[in-house]
**Student:** 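This structure is in C-alpha cells; I'll ask about it shortly.
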Amino acid sequence: MTQQNLLIVGAGGVGGVAAHKAAQFSHEFGAITLASRTLAKVDAIAADAQQRWGKAGGRRLIGTRQVDAQDKDAATALIRNLRADIVLNVASPYCNEALMDASIATGAHYIDTAVAESEYVENAPPPWYANFEWPRRPAFEAAGRSAVLGIGFDPGTVNVFCAHAKKHLFDRIDTIDIIDVNGGDHGRYFATNFDADTNLREIREDVIYWEDGAFKALPHHSRKMTVTLPVVGEHVVYSMGHDELHSLPSSFPDAQRIEFWMGFGEHYLQVFSVLENLGLLSSIPVEVDGVEIAPVRMVKAVLPDPATLAQGYRGEVCIGCDLRGEKDGAPKRCFVYSTCDHTKCYAEVGSQAISYTTGVPAVTAAILLARGAWAPGTMVNVEELDPDPFMALMPEIGIGWDVIDLPLDGGWPEAARLADNG
Ligand code: NDP
C-alpha cells in the first residue's frame, strides 16, 4: 500500500506533540510536514523532533511550511503542493472551516481535535457540530474521504471509551459522566493549558448537558460534585459545556443524562471570576484607541504560552468516563480512564500532559487512517468508529488506559485513588 503523506497544521503545544509522535512513528507515513503561521515555531519543533527521533545521517523526518490556515485558498494550495493525503488540524478552531473545505477540494482525509467556532459568537446553539461540521458531511461522503472530528482526549478518546463500553462492557448505558481532572501544578500565577481563547471561552460559556432527550443549559460553575479518581485523588469537579456533549447524544440517544465535569481549584476560580467580572473574557470586540479587539484576545496575549508551561510542570492528569447501565440483567457502573504524568511527557517530547493527551490520540487516529484500519469514507464523530483498533494502538503510541468497577450507589471508593493504568 502506498504510504500516506501527513500534513500537521498548528505549532502550539498540541502541534509539537503531534509532530514528535509522527516523527517517532514516521514509518507509518510517507512525507510528514508541519505548517503554522509562524515559520520559526515549526522549524524549532522539526529540529527538536529530528534530534530526538532521527538517526544520525538519516532522512529528514519533518518538512516545514508557513501557512495562514484560515485562508482556504492558501491551505488548498499547500495540501496540493505537498500531495498531502491526511490533514491533521491542531491549530485554532477558527481554522476548521477553511481546512475542511481545503481537504474536500483536494481529496484529503481530515482530522481535528476541537469543534469549529465563530470568533465573535458566544453560546452558539447546540449541537455545535451542526453549525459548521455536519453540513460538510455530504461533501466528504461524495468524495469518499474520511473526516474524523474531535480526536484529542476530551473530546476524542473519551468518545472512544464510550464506544468501547457500548461494545464490550454494557448491554445498556443509562448515564455518562465524563470527568477531567488535572492534578498537576505549573507554578504560574494563572495560565491556560491550551489555546487561551478556546479554553477561557469554553469555561465561561453556559454549561450544556444532555438530559431526558434534550440539551439543558445552566450558568457556568453552578453544578459541582466531589470525585476520587485514580492517581490524582479527591477533587471538586464542575459541570461544563464541552464538545463531546454535542455528538454523543446522537450515538447514545437512550442515555438519560450525558454530562462533562472538569476540576478547578479555588485560586483558578477566583482569578477567573475577577477577569470575567471585569469583562476581560468576552469575545465581543471593544474599541481601544480606534482599534477593535476582543478582550479575551488581549488576555491571551499576556498569559503564558501553553507550550511554555511544560518545563517544571509537576503532577498527573486523570480523564475518564463514569458509565452506569446494565450488563446481563444486572446494574453495572465502571470508570474507563487514562492517567498521564506531566514530568514524563516533558522528558519524552518536551510538552505538558494536556498537549500530550491531545496529540497522542490525534496521531493514533492519523495512523489508523494511514493504515486503512479506520476508513469511514465520510465525516464521523469518533464514537461512530470501531473503538477496538484505537484502544489497541493508543498505548503503543504513548497513553495506556484501564477500567475499574465503581460502587452502584454513586460514590467513589478510596481504592480508586490507588488504581493505575500500568
Ligand atoms: P496553541 O494556542 O498552543 O497553538 C495553536 C497553534 O495554531 C499555534 O501554533 C498557532 O500559530 C497556530 N494557528 C492558529 N491560527 C492559525 C492560522 N490561522 N494559521 C496557521 N496556524 C494557526 O493551542 P494548542 O496547541 O494548545 O491547541 C491546539 C488545538 O487543540 C486547539 O484547537 C485546541 O482547542 C485543541 N485541544 C483539544 C483538546 C482535546 O482534548 N480535544 C485539548 C487541548 C487542546 P502560530 O504559528 O502563530 O503560533
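Start at 1 and go down the list; that is how both ligands and their atoms are numbered.
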**Student:** Nearest protein heavy atom to atom 45 (P) of ligand 1, by residue and atom, and its distance?
**Tutor:**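 Its nearest protein heavy-atom neighbour is Thr38 OG1, 3.3 Å.
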
**Student:** Where is the nearest protein heavy atom to atom 28 (C) of ligand 1: which residue, which atom, and how far?
**Tutor:**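 Minimum-distance protein heavy atom for atom 28 (C) of ligand 1 reads Val90 O, 3.2 Å.
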
**Student:** Considering Val67, Asp195, Leu309, Asp154, which one's heavy-atom position lies nearest to atom 23 (O) of ligand 1?
**Tutor:**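 When every heavy atom of Val67, Asp195, Leu309, Asp154 is considered, Asp195 comes closest to atom 23 (O) of ligand 1.
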
**Student:** Under 4.0 Å, heavy atoms only, figure out whether ligand 1 is touched by the backbone of Ala114, its side chain, both or neither.
**Tutor:**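 The side chain, only.
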
**Student:** Going by the order shown, which atoms of ligand 1 are within less than 4.0 Å of some heavy atom of Phe153?
**Tutor:**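 Near Phe153, the atoms of ligand 1 are 39 (C), 40 (O), 41 (N).
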
**Student:** Measuring centre to centre across the rings, with the benzene-like ring taken for any Trp, is Trp374 within less than 6.0 Å of Phe390?
**Tutor:**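 Under 6.0 Å, so yes.
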
**Student:** Please confirm whether the ring centroid of His246 lies under 6.0 Å from the ring centroid of Phe215.
**Tutor:**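 So the answer is yes for these two rings.
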
**Student:** For atom 24 (P) of ligand 1, find the nearest protein heavy atom and state the residue, atom name and distance (0.1 Å precision).
**Tutor:**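 Of every protein heavy atom, Val14 CG2, 3.8 Å lies nearest to atom 24 (P) of ligand 1.
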
**Student:** Just heavy atoms, cut-off under 4.0 Å: does Gln70 contact ligand 1 by side chain, backbone, both, or neither?
**Tutor:**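 It is both parts that get close, each with some atom under 4.0 Å.
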
**Student:** Is the closest heavy atom of Ala307 to ligand 1 under 4.0 Å?
**Tutor:**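 Contact check Ala307 vs ligand 1: negative.
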
**Student:** Apply salt bridge (Lys or Arg N to Asp or Glu O under 4.0 Å) to residues Arg52 and Asp48 and explain how you reach the verdict.
**Tutor:** CA-CA 6 Å; Arg52 286 182 201 239; Asp48 188 25; 3.2 Å; yes

**Student:** In terms of heavy-atom contacts, does CD of Glu266 have more than 12 from other residues, nucleotides or ligands at under 6.0 Å?
**Tutor:**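 Atom CD in Glu266 is not packed in, count stays at 12 or less.
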
**Student:** Going by heavy-atom distance to atom 32 (O) of ligand 1, choose the closest among Ala91, Ala35, Ala74.
**Tutor:**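 The residue whose heavy atom sits nearest atom 32 (O) of ligand 1 is Ala91.
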
**Student:** With a 6.0 Å cut-off on the ring centroids, do His221 and Tyr238 count as close?
**Tutor:**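 Ring centroids of His221 and Tyr238 are less than 6.0 Å from each other.
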
**Student:** Of the listed options (Thr113, Asp68, Thr157), which comes nearest to atom 30 (O) of ligand 1 when hydrogens are ignored and any heavy atom counts?
**Tutor:**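 Among Thr113, Asp68, Thr157, the closest heavy atom to atom 30 (O) of ligand 1 comes from Thr113.
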
**Student:** Give yes or no for whether the N/O distance cutoff of 3.5 Å, strictly under, is met between Lys41 and ligand 1.
**Tutor:**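 Right, the criterion is met.
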
**Student:** Between His242 and Asp180, do the side chains contain an N or O donor and an N or O acceptor separated by less than 3.5 Å?
**Tutor:**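 On atom types as modelled, these side chains do not qualify, holding no pair under 3.5 Å.
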
**Student:** Starting from atom 12 (C) of ligand 1, which protein heavy atom do you reach first, and at what distance in Å?
**Tutor:**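 The closest one turns out to be Ser36 OG, 3.4 Å.
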
**Student:** Quick test: of every protein heavy atom, which one is nearest to atom 33 (C) of ligand 1, and how far off is it to 0.1 Å?
**Tutor:**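 Closest protein heavy atom to atom 33 (C) of ligand 1: Phe194 CD1, 3.8 Å.
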
**Student:** Starting from atom 6 (C) of ligand 1, which protein heavy atom do you reach first, and at what distance in Å?
**Tutor:**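 Here the closest protein heavy atom is Gly12 N, 3.6 Å.
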
**Student:** Please state which protein non-hydrogen atom is closest to atom 19 (N) of ligand 1 and give its distance, to 0.1 Å?
**Tutor:**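 Ranked first by proximity to atom 19 (N) of ligand 1 is Ala69 N, 2.8 Å.
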
**Student:** Heavy atom to atom 38 (C) of ligand 1, shortest distance: which of Asp305, Asp180, Thr358 holds it?
**Tutor:**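 Checking each option, the heavy atom nearest atom 38 (C) of ligand 1 is found in Thr358.
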
**Student:** Quick check on Gly156 - does any of its heavy atoms sit under 4.0 Å from an atom of ligand 1?
**Tutor:**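 No, Gly156 has no heavy atoms under 4.0 Å from ligand 1.
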
**Student:** Name the one of Leu7, Val363, Val148, Asp112 that satisfies side chain to side chain contact (heavy atoms under 4.5 Å, CB included) with Leu88?
**Tutor:**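 With Leu88 as partner, side chain to side chain contact (heavy atoms under 4.5 Å, CB included) holds for just one option, Val363.
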
**Student:** Is the count of non-hydrogen atoms from other residues, nucleotides or ligands lying under 6.0 Å from Lys167 atom NZ greater than 12?
**Tutor:**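 Atom NZ in Lys167 is crowded, with more than 12 foreign heavy atoms closer than 6.0 Å.
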
**Student:** Give me the ring orientation class for His168 and His164: parallel if the planes are under 30° apart, tilted from 30 to 60°, perpendicular past 60°.
**Tutor:**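 The rings of His168 and His164 sit tilted, inter-plane angle from 30° to 60°.
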
**Student:** Would you mind listing which atoms of ligand 1 come within a distance below 4.0 Å of any non-hydrogen atom of Cys95?
**Tutor:**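 What qualifies from ligand 1 is 15 (N), 16 (C), 17 (C), 18 (N).
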
**Student:** Identify the protein heavy atom lying closest to atom 15 (N) of ligand 1, giving its residue, its atom name and the separation to 0.1 Å.
**Tutor:**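 Heavy-atom neighbour on the protein nearest atom 15 (N) of ligand 1: Arg37 NH1, 3.3 Å.
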
